[in-house]
Protein chains: 2
Amino acid sequence: MKTADPELMRAMNRLSVLDTIRRRGPISRVEISERTELSTTTVSAITGSLLDDGLILTRHEGDIRNEAVRGRPRVMLEVNPDAARVVGAKIAASRMVFVVTNFRGDVLSQLALPIRIDRQPIAVIADLVEDGVRRCVVDAGLSLEDVDSVCLGLPGVIEHRTGHIRSSPIFREINIDFAAEMSTRLSTPTIVESDAHAITLGHHWFGKARDLEDMVLISLEQTLGLGVLHGNRLFRGAGGLSHNLGDLVLGMGPQGIVRLSSQAGESAILGEQQTDGRFAEAVRLGRGMTHVQALIQADDDRLIGAAVRAGEAVGLTIANIVTLFAPPRVILVGSSLALGEPFLNSLRDAYALAIPPSLKGVSELVFDDSTDDFWAQGAAAVALYELYESPWSTTGPAL
Amino acid sequence: MKTADPELMRAMNRLSVLDTIRRRGPISRVEISERTELSTTTVSAITGSLLDDGLILTRHEGDIRNEAVRGRPRVMLEVNPDAARVVGAKIAASRMVFVVTNFRGDVLSQLALPIRIDRQPIAVIADLVEDGVRRCVVDAGLSLEDVDSVCLGLPGVIEHRTGHIRSSPIFREINIDFAAEMSTRLSTPTIVESDAHAITLGHHWFGKARDLEDMVLISLEQTLGLGVLHGNRLFRGAGGLSHNLGDLVLGMGPQGIVRLSSQAGESAILGEQQTDGRFAEAVRLGRGMTHVQALIQADDDRLIGAAVRAGEAVGLTIANIVTLFAPPRVILVGSSLALGEPFLNSLRDAYALAIPPSLKGVSELVFDDSTDDFWAQGAAAVALYELYESPWSTTGPAL
DNA sequence: GAATTTAATTTGCACCTCGAATTAAATAGC
DNA sequence: GCTATTTAATTCGAGGTGCAAATTAAATTC
């Protein structure tokens, strides 16, 4: 149980106000007061302190209501884009994408490195990541000292509180304190987070879940991941672990345990094509899914079969997740969506079949084919969220 | 985002202190201060108000530390058992159990009604429940006016916030506002809660999870239920729904979807024996599991087979739940545990096989064969928790 | 240019927690 | 049996927080 003191109280209300300003664009104090249910007095005090800290800006035009309303016009407030800068990154087996964003989450620069880092030693990966961050920052016309925080999103099981990577398909080692390693390399606070969590928060901030406070996201990539938004916050599991959906068991087959990853993981689908030389080359370069897409459109029977099986497995899994969490919306993301209609149709069919009657209609399936930038932007949102929450410097007593 | 004001702050700290007193038995103010990280000043103020409200009592003996410590002796504080009384109930298809407890959760009276209410019209069930509550209250030497709150735990999908029953195996109807119905009948605030949630909180208060703030419980009865404790609170799913594990899909069989309930539900196991007349009679009376136990000990092959299959299905499911929540402990409860070693062994084996290597050892399986009283006591804990949280009358300004 | 209307700030108050000082209640030593 | 010592608990004053009411600010209407 967390102990409550005036400081916590202020932090909660500050976050509430700041988040309202971020989400509702330019907004007046009165409207903030209505939305947050804080008195106008308190809103004035808090926005005053946010203005002092330079986190928000005033704008005197832009009251969109009917022209010609009487009375003193509302002063609109908005997040100050230049209050901070963060780096967000998506680190995958065959590519890395970096973005630099401002305090509002707008992308200032973007850098994609199509490098296979799969199973390289840690030091090599760390080198590449460090290099990518530095280059992306320079591209934005900034220096690393201008960057307040970095968030790296990567696949696997990650302990958020400590930044430990329990296991990840891109590392040979396990139990790595990657956050500490990168923090010292970059001399900037660095957060390590599951890529699925990153894009979950990304959708909450910028994407297809802006209107919701509860939601579930399923990421279908090399690894199958899960993100749960609960009460406008990421639900990070009991121990702060990220969820690794691929480890879920679908049943007992003749060869023993059948895990989801063996049916719907990227390698499970691509594996069917290993005999083809050109194809293997494409996979090695991280373009497997693009290639697959072409083959499927050319009616490759074996691949279509694999896609259908994968869709079925994922559809059943989603039904189970919905049974447990009953979210109003499920967002599906990831490279496997490129499998196209055979995959999506069998997924939808399996879901419809598997969803229990009592939950029929409570959850809406949404497919999202955002590019890797969006994942990186989500990681930036994770970094920004921690800045929004932190008390900042000038919160102290009035002068 | 909840808006924070001094009142909320006080409520949080009050709950924190009161809960510490409940859990750590007679405890001194200094120790409360250490545990809650509140100053002794604040603890004194809060305990003072709790004493004024009559929720706690002082005890001047009982400082258990070494005899002959110097200094002013600590005054021990404990929950006042007589500050309130609540009724907790477990409503199942073939029986109802009621308990009356005091403010500490001690059972004052207990009443078991072995009646089959399965699929009766609502009015009949409501009559029986009302009757049970009233009789149990009288047995405790009390009148309904002495009772502050009632909590009914029953199987199915229940929306906690509203008290709506979305679906339950014991009702023919769906979408019933049972909480409102019983509140007016008893003219006492009545909460309707999933039985699995009730016993989950029961274990947190009195049972095998007193030492944990995160935990998962799986109930194996007519219905298969799930309770998740997260940060000392019940996790009630995104929409406040309870979880119905039986609806989980295990895979696709030749006849279509295979749900957990078809492998491990009470009726799935008992169903194997429908030809036996005496057995059918036992089932009708709600003693199926007891009977099954006897048959298994007599080496009934068909039943042992069913038990093994059920254990396997449950073991896989638990592995999946652990993959999602990574709790330090999983508690298994419910009548199906009576299936004995064949069931438990195959469950353990399947779990060991299905748990992903990266999560091996993070979760401990605990089997609990508590009787129905304990479920009812858990329901009482749900009712008590809401009383503990509520601000009470005298919280107001100091006089 | 005065009246009206609405926005935002200032003022005064009640409440909360906390550190320091004070009071309370026991033991230890002579 | 008295005082010194030790520890527990309360009291006091300061600083922070939010809110309602009163006040000031900035526009439109007539």
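What you see is a predicted model; the values in this text were computed from it and never measured. Each chain gets a letter, A, B and so on, in the order its sequence line appears, and its residues count up from 1.
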> side chain to side chain contact (heavy atoms under 4.5 Å, CB included) between B/Ile56 and B/Glu78: does it pass, once the steps are laid out?
Replying inline: CA-CA 5 Å; B/Ile56 60 174; B/Glu78 62 190 345; over 6 Å; no

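- For C/dA25, the base has no donor-acceptor partner in the side chain of B/Arg72 [N/O atoms by modelled type, under 3.5 angstrom].
- Here D/dT10 presents its C1' atom at 14 Å from CG of B/Leu77, a figure rounded to the nearest Å.
- A rotation axis mapping the C1' atoms of four pairs onto the next four is fitted at both ends of the helix from C/dG1-D/dC30 to C/dC30-D/dG1 over five pairs, and the angle between these axes is 20° to 10 degrees.
- Here the side chains of A/Ser149 and A/Val86 are in contact, with some heavy-atom distance below 4.5 Å.
- In this structure, B/Leu38 atom CG and D/dA9 atom C1' are separated by 16 Å, rounded to whole Å.
- The interatomic distance linking B/Glu7 (CD) with C/dC16 (P) rounds to 9 Å, in whole Å.
- Below the 3.5 angstrom threshold, one finds no donor paired with an acceptor across the side chain of B/Arg70 and the base of D/dT7.
- Contact between the side-chain N/O atoms of A/Arg74 and the OP1/OP2 oxygens of C/dA7 is found at a separation under 4.0 Å.
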> Are B/Met9 and A/Met12 close enough, and set up right, to give a side chain to side chain contact (heavy atoms under 4.5 Å, CB included), and what steps lead you there?
Replying inline: CA-CA 11 Å; B/Met9 195 163 117; A/Met12 287 172 65; over 6 Å; no

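- Side-chain N/O atoms of A/Ser44 include none lying less than 4.0 angstrom from OP1 or OP2 on C/dA8.
- Note on A/Ser39: a side-chain N or O is less than 4.0 Å away from OP1 or OP2 of D/dC19.
- Atom CD1 in A/Ile27 sits roughly 11 Å away from atom P in C/dA8 (whole-Å rounding).
- Residue B/Thr47 is the one, among B/Thr47 and A/Ile46, whose nearest nucleotide of DNA chain D lies closer to the 5' end (criterion: closest heavy atom).
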>> I'd like to know whether A/Arg74 forms a side chain to side chain contact (heavy atoms under 4.5 Å, CB included) with A/Val30, so could you lay out the CA-CA distance, the side-chain angles of the two residues, the decisive distance to 0.1 Å, and finally the verdict.
In response: CA-CA 8 Å; A/Arg74 301 174 171 185; A/Val30 257; 3.5 Å; yes

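- Remark: P of D/dA27 and NE2 of A/His60 are 9 Å apart, rounded to the nearest angstrom.
- B/Leu8 has its CG atom 12 Å from the C1' atom of C/dC16, to the nearest Å.
- Ring geometry for B/Phe325 against A/Phe325 counts as tilted: the plane angle lies between 30° and 60°, on a 0 to 90° scale.
- Put simply, the side chain of B/Thr41 and the base of C/dG19 share a donor and an acceptor less than 3.5 Å apart.
- In terms of position along DNA chain D, the nucleotide closest to A/Glu37 lies nearer the 5' end than the nucleotide closest to the other residue of the pair A/Gly71 and A/Glu37.
- Between A/Arg10 and D/dG18, a side-chain N or O to OP1/OP2 separation shorter than 4.0 Å is present.
- Residue-to-nucleotide contacts include no donor-acceptor pair under 3.5 Å from the side chain of A/Thr40 to the base of C/dA7.
- Put simply, CE on A/Met9 is 13 Å from P on D/dG16, counting in whole angstrom units.
- At whole-Å resolution of the value, CG in B/Asp5 and C1' in D/dG16 are 14 Å apart.
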> Is there a side chain to side chain contact (heavy atoms under 4.5 Å, CB included) between B/Tyr385 and B/Leu234 once you walk through the steps?
Replying inline: CA-CA 11 Å; B/Tyr385 188 86; B/Leu234 285 174; over 6 Å; no

> So B/Ser49 and B/Arg10, side-chain hydrogen bond (donor to acceptor under 3.5 Å, both in side chains) or not? Walk me through it.
Replying inline: CA-CA 11 Å; B/Ser49 131; B/Arg10 190 57 182 280; 4.5 Å; no

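- With respect to A/Arg24 and A/Glu31, no salt bridge is recorded, no charged nitrogen being found less than 4.0 Å from a carboxylate O.
- At the phosphate of C/dT9, OP1 or OP2 sits under 4.0 Å from a side-chain N or O atom of A/Arg29.
- When each of C/dA8, C/dT17, C/dA25 is scored by its nearest atom to the side-chain atoms of B/Pro73, the top-ranked nucleotide is C/dA25.
- Remark: A/Asn13 is not in phosphate contact with D/dT17, judged by side-chain N or O atoms under 4.0 Å from OP1 or OP2.
- Across all strands shown, A/Val43 has no heavy atoms under 4.0 Å from either base or sugar-phosphate atoms.
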